[in-house]
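Have a look at the structure below, then the notes.
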2 protein chains.
Amino acid sequence: MTEPVVAPGRARGGRRDEILVTFTRHVAERGYDRANFGDVAAELGMSKGTIVHHFGTKDRMLAEVQERYMRRRLDEAHAFLGRLSAPDERVAAFVHAGVRYSTDEPATTVAFQREVVRLTDEPGMETARAQRDAYRDLVVAVLQDGAEAGVFVPGDARLRSLQMFGSLHWMWTWFDPAGRLRPADVAAEFTRTLLRGLGVGEERVAAVADPDGPVARCVAEVCAPRS
Amino acid sequence: MTEPVVAPGRARGGRRDEILVTFTRHVAERGYDRANFGDVAAELGMSKGTIVHHFGTKDRMLAEVQERYMRRRLDEAHAFLGRLSAPDERVAAFVHAGVRYSTDEPATTVAFQREVVRLTDEPGMETARAQRDAYRDLVVAVLQDGAEAGVFVPGDARLRSLQMFGSLHWMWTWFDPAGRLRPADVAAEFTRTLLRGLGVGEERVAAVADPDGPVARCVAEVCAPRS
DNA sequence: CTACTCTGCCCGTACGTGCGGTCAGTTCAC
DNA sequence: GTGAACTGACCGCACGTACGGGCAGAGTAG
């Protein structure tokens, strides 16, 4: 569902992408430990051996899922950071982007967020871990800059980033992309509380957090390509 | 570490508590799926059969961990809600309590937070799920009351509670109880950002979020008994 | 065009291992 | 005697993955 398979029949990479997509969904639904080759193979009408042929081990498959996910998030972050320069707009963009992903690529997002903890210790996850650290550094830098520029109240940028990431990474446990709440509305509410909490004035908060405002639109454009 | 074992040698319940404590630590360190009877038994110098004798199945063991954890959190919440009446103080207390637990009972807290997702679907978790819902309802009610009383800016209390829980439940991935950051400081920073974000005035925020202020002390007293 | 070979995708099966859970039996306190 | 605590051997199964082979298309020599 997340990405159209390259082409039916014989295509570059064959059913590789198909396997990754299905595996990702299984991880999202059951978690990594309970996801297994047998079920994925059965669902795709192929042999377990095929999966091994393409990916080698289960670990590497997860690593690839994480790396692809982080790669997209990083590209997207750099894209909207290039278009927005005000710290409060940038923070708002990070929140909007974080929420959007839950709808745009629900399976990949849930799979990633469920299993982020493996980035910290598991070997073979170095690349994904580095990507994640880079992303976190982007956010910390924005918070730091904002505090130094006087846009935000002084405070610990790292702690604030963790507070913010927590809210977003926790979404997978409760957010239903098919539910009544539009992601933009969740993002707006989160952004309002966060920016106000960082000391941004009320009228500015309303403008920047607007679910149909320029920041939301900028993020939407940047994230639009995939679907 | 979390609770003193009832008594050495032959005591009421035998080594039951000991088993639960060790199992909890293993779940905290490796996650439920990778925690296993064999390792727990080996570490305690007993047979796997003993564990089965006391708990029946692995599922029930986890359920008991979750229920004990939630029971304590609920008792504690009712205790400080009984002592504090202002909505902003109550919110601050929830944050302080949430952070405190990461230090007071690190293993149990991590075990719980790692595996909360199982509360939503897994059967046999009804009790723990109900406890968790009750806890969430307490928080939502406080946020709702505060908004209606004009202490907080109007907004979706449920979303705000989820934003708040996210920050706290995410802590297990980064917070090190033995690190340089004191839990009270983390709680204070989180509380400041949150209360300001809810529209509480700056001087009030400073007073309520104070890591050595009355709210923090109240929570400390309520939580003190165990450890 | 034909035949031969090479290569990469894919299949089926089989193996080893780890783990949850069973069970018959022993020890020990009351 | 009675029952709870505990043991250790054992079962069955699920799952990751190793392995040998089949098959289709591309490249190449004649």
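Just so we're on the same page: letters track the sequence lines, and every chain starts at 1. Computed from a predicted structure; not experimentally measured.
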request  = Before giving the answer on salt bridge (Lys or Arg N to Asp or Glu O under 4.0 Å), spell out for A:K48 and A:D39 the whole-Å C-alpha distance, their side-chain angles and the decisive distance to 0.1 Å.
outcome  = CA-CA 9 Å; A:K48 283 202 289 178; A:D39 290 344; over 6 Å; no
Can you list the steps and then say if B:Q113 with B:W170 is a side-chain contact (heavy atoms from CB on, under 4.5 Å)? CA-CA 8 Å; B:Q113 292 177 354; B:W170 189 245; over 6 Å; no
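Salt bridge annotation for B:E29-B:R34: absent, with no cationic side-chain nitrogen under 4.0 angstrom from a carboxylate oxygen.
No donor-acceptor pair under 3.5 Å is formed between the side chain of B:Q131 and the backbone N or O of B:R129.
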Whether each nucleotide of nucleotides 11-25 of chain C has a protein heavy atom under 4.0 Å at its base (B), only at its sugar-phosphate (S) or at neither (-) is summarised, 5' to 3', as SB------SBBB---
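Distances shorter than 4.0 Å separate some side-chain N or O of A:H54 from OP1 or OP2 on C:dC10.
Rounded to whole angstrom, the span from the CZ atom of A:F55 across to the P atom of D:dA18 amounts to 16 Å. When rounded to the nearest whole Å, the span between CG of A:D17 and P of C:dC9 equals 12 Å. Following rounding to the nearest Å, A:R16 (CZ) and C:dG8 (P) show an atom-to-atom distance of 15 Å. What separates CD1 of A:I19 from P of C:dC9 is a distance of 11 Å, to the nearest Å.
Under 3.5 Å, the side chains of A:S167 and B:S167 contain a donor-acceptor pair of N or O atoms.
The aromatic rings of A:F190 and A:W174 sit tilted, their planes meeting at an angle between 30° and 60°.
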